[in-house]
Each structure stands twice: as structure tokens, then as C-alpha cells.
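Report on the following structure.
Each chain gets a letter, A, B and so on, in the order its sequence line appears, and its residues count up from 1.
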Number of protein chains: 2
Amino acid sequence: MLSKRAKYAIKTILFLQDHPELVPASAKLISERETIPYKFLENILRDLKTHQLVKSVRGAEGGYALAKDPSMISIAQVMRAMDGPIALIPCISERFYESCPECTDEETCRIRKLFAEVRSEMVPILERPITTLAKSK
Amino acid sequence: MLSKRAKYAIKTILFLQDHPELVPASAKLISERETIPYKFLENILRDLKTHQLVKSVRGAEGGYALAKDPSMISIAQVMRAMDGPIALIPCISERFYESCPECTDEETCRIRKLFAEVRSEMVPILERPITTLAKSK
DNA sequence: ATAAATCCTATAGAATAGGTATGAATTAAA
DNA sequence: TTTAATTCATACCTATTCTATAGGATTTAT
Ligand code: FES
Ligand code: FES
């Protein structure tokens with residue numbers, strides 16, 4: 001399951017997508033509108049920033065905005081920044097690969113085969129740009 | 001990511017599938033062959049039993065075997081027994097449904113829509129009977 | 001100057017993960 | 001009938017992660 005952290009992050013990114021990009025959105029505003037605990041959100045925003053997903057403007061009237069064009073941002077990116085790998089087992093993760101200590105042979109591992117298939121179905125969906133997430137009013 | 005518990009459970013189920021069903025496999029045997037910590041495995045086996053995935057024979061020469069025909073067992077069942085929902089968010093889980101406290105409207109939730117799609121791709125793969133996991137020698 | 005922000009570090013409580021300890025109950029075989 | 005192998009049950013333990021909060025330093029528009 002997705003962590004709350006990741007879920008909050010996704011909501012934040014979606015909020016920023018909808019927000020007019022001329023004025024940055026303050027953490028306070030996001031916190032109120034999306035009902036995310038303020039201090040927790042600050043934390044998440046810092047993390048999103050280090051992962052280059054949002055950029056910030058300091059000082060009064062400051063806030064956050066998407067760091068790049070929404071067409072270049074995906075939910076997968078947010079998930080990886082918050083929770084790490086999308087794959088359900090480490091041995092098939094592209095970016096967070098680790099070998100399975102208890103499996104002797106990756107090539108013939110039945111578990112691995114199955115979860116590789118799962119991953120290859122999940123990833124394309126999660127990697128779609130957030131612009132494809134239509135806001136049905 | 002899958003918990004170790006779930007991974008061990010899957011390996012156990014696969015081991016039992018390969019094991020001749022006339023003689024039950026003892027926890028000790030499974031533990032050694034699959035390098036799963038013995039006491040932890042006992043724990044997992046008990047859980048698998050309450051979820052009706054394995055059955056047991058007590059006493060000396062006792063052990064465990066699959067509780068039903070392998071064609072009726074899927075990895076999804078094992079995962080649910082160990083880790084709970086397969087869905088990445090609770091509001092789209094079939095068996096472990098919970099509403100999302102911070103989402104006001106499920107119908108229009110963009111996150112929900114996306115993850116529903118993800119889930120609907122994952123589940124059929126994970127629900128295939130374990131007999132389809134060919135053992136490539 | 002002041003207020004509104006971000007930024008940074010540290011901490012705390014709760015839950016979960018991963019595993020261990022101890023021992024009782026059951027049963028086949030010696 | 002004793003012994004050894006095994007499941008069954010409960011409780012406990014330790015480390016980590018998750019979720020969140022606290023306190024303050026820094027930046028900047030007004
Ligand atoms: S090699 Fe990763 S699950 Fe077997
Ligand atoms: S309703 Fe579950 S994520 Fe929005």
C-alpha cells in the first residue's frame with residue numbers, strides 16, 4: 001500500500017498542477033485545502049524539492065510550484081521519491097535494484113518472473129504524465 | 001514492496017506444490033531447503049493454515065501440505081493472507097475496502113481512478129493459479 | 001520593522017517488520 | 001511405554017519505519 005507520505009505528495013502535486021503557476025502556493029494553503037498536517041507537509045515538500053519535482057520561492061508571498069512542465073511529471077516519479085521502488089520485489093526494480101538474498105538463481109526464479117510481469121503492467125500506467133489525469137468537474 | 005513474510009509464504013507454497021503430497025513436508029525441511037528462519041516459518045505456516053491455504057498433520061512424521069488443489073491456489077491469495085490488500089490504496093480494494101479519510105469524493109478522485117486501473121492490471125496476473133508458474137529446470 | 005514564508009534539525013509516539021523463547025499437545029515409532 | 005519429532009499457542013523482543021510535531025533560523029515582500 002501507498003504510504004500517507006506518498007499520497008499527500010501526490011495530492012500536493014495535483015494541487016500545484018491546478019494552481020495558477022504565476023503565484024506560488026504556500027504550504028499553509030496546500031495544507032488547508034488538501035487537509036494535510038502542516039509540518040508534515042513542509043517535510044514532504046522539502047523532499048519533493050530535492051527530487052526536483054517542485055521549486056520554491058522563499059520569504060513572504062513565497063511558496064511552491066511545479067519544477068517542470070506537468071507533461072514531464074508522473075505519479076511514478078512522486079511515488080519513487082517518497083516510497084522508493086514501484087516493483088513489489090527488489091530484484092526487478094530498475095532504479096532500486098537489489099538482488100534477493102534468499103533466491104539462488106534470478107534467471108529461473110518463478111516468483112521473479114511473475115512479479116516482473118506485474119511490474120511491466122503497472123509502470124506504464126503510473127508513468128503517464130499527470131496532464132492525463134483529467135479533472136472531472 | 002512485498003514483506004519478507006509474504007515472500008517466505010510464497011516460497012513455501014511453491015515448495016509444497018513441488019513436494020510429493022503423500023508425505024507432508026515438515027517445517028524443518030521447508031526451513032532448510034528454502035532458508036527461512038525456522039520459528040518465523042512456523043508462524044507463517046500457522047497463518048497460512050488459518051487462511052486455509054495449507055493443512056497440517058500433527059505429531060512425529062507430521063508436516064504440511066497444500067490444503068487444496070494447486071489449480072485453486074494463487075499468489076494473490078497468499079499475498080492477501082500475509083500482507084493484506086493488493087491494491088495500492090484502500091478505497092479500491094475489494095476485500096479490504098476502506099474509504100480514504102482525506103478524499104471528499106470517491107467518484108471524482110483522480111488518484112483513485114488511476115490506481116483502480118493499476119489494480120485491474122495487477123490482479124489478473126496475481127490471481128492465476130500457481131500451476132501456471134512453470135518450473136523451468 | 002514586521003509579517004509571512006521557506007528551510008533545517010531534532011524529537012516523539014505508534015505501528016510494523018522480522019524474529020525469538022518457551023513450552024504444551026500430539027503422534028509415530030522404538 | 002518411553003522417546004523423539006513434530007505441530008500448536010502465546011508471548012515477547014528489538015530495530016526500523018511511519019506519521020507527525022516542535023522550535024527556531026533564514027529569507028523577503030510590504
Ligand atoms: S530472485 Fe528475486 S524473487 Fe527470486
Ligand atoms: S478516494 Fe481513495 S484516493 Fe481518493
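Residue A:E61 places its side chain closer to D:dA29 than to any other of C:dT6, D:dA29, C:dA29. When each of C:dG18, C:dT27, D:dT21 is scored by its nearest atom to the side-chain atoms of A:P37, the top-ranked nucleotide is D:dT21. Here D:dT19 is the nucleotide among D:dA29, D:dT19, C:dC7 with the atom lying nearest to any side-chain atom of A:S3. In this structure, of D:dT19, D:dA4, D:dT10, it is D:dT19 that holds the atom nearest to the side chain of A:R5. Of the candidates C:dT20, D:dC8, D:dT21, D:dC8 carries the atom nearest the B:K49 side chain, counting heavy atoms from C-beta on. Which of D:dA20, C:dC7, D:dA9 sits closest to the side chain of A:E42 comes down to C:dC7. Checking D:dA20, C:dT6, C:dT20 against the side-chain heavy atoms of A:F40 singles out D:dA20 as nearest.
Atom NZ of A:K55 is separated from atom C1' of C:dC7 by 18 Å (rounded to the nearest Å). Atoms NZ (A:K11) and P (D:dT19) sit 14 Å apart, rounded to a whole Å. Between B:K39 atom NZ and D:dC12 atom C1' there is a gap of 13 Å when expressed in whole angstrom units. Atom-to-atom, OH of B:Y64 to C1' of C:dT26 comes out at 12 Å; the value is rounded to the nearest Å. Put simply, NZ on A:K7 is 15 Å from C1' on D:dC18, counting in whole angstrom units. What separates CZ of A:R46 from C1' of C:dT6 is a distance of 10 Å, to the nearest Å. Here D:dA20 presents its C1' atom at 13 Å from CD1 of A:I36, a figure rounded to the nearest Å. Atom CG in A:D47 sits about 12 Å away from atom P in D:dC18, given to the nearest Å.
Taking side-chain N and O atoms only, B:S56 has a distance below 4.0 Å to OP1 or OP2 of D:dC8. The side chain of A:Y38 places no N or O atom within less than 4.0 Å of a non-bridging phosphate oxygen (OP1 or OP2) of D:dG23. Between D:dA20 and A:Y8, a contact under 4.0 Å exists linking OP1 or OP2 to a side-chain N or O.
When all heavy atoms of A:L16 and A:Y64 are compared, the pair lying nearest together is CD2-O, 3.5 Å. For A:I86 against A:A76, the heavy-atom pair with the smallest separation is CD1-CB, 3.6 Å.
Across B:P90, B:C91, B:P85, a single residue satisfies side-chain contact (heavy atoms from CB on, under 4.5 Å) together with B:Y97, and that is B:C91.
Positionally, the nearest nucleotide of DNA chain C for B:D83 lies more toward the 5' end than for the other of B:D83 and B:N43.
B:K4 comes within 4.0 angstrom of the backbone, heavy atoms only, and of no base.
Using a cutoff of 4.0 Å between basic side-chain nitrogens and carboxylate oxygens, B:E127 and B:R80 are scored as salt-bridged. With respect to the salt-bridge test (charged N to carboxylate O, under 4.0 angstrom), the residues A:D18 and B:R110 qualify.
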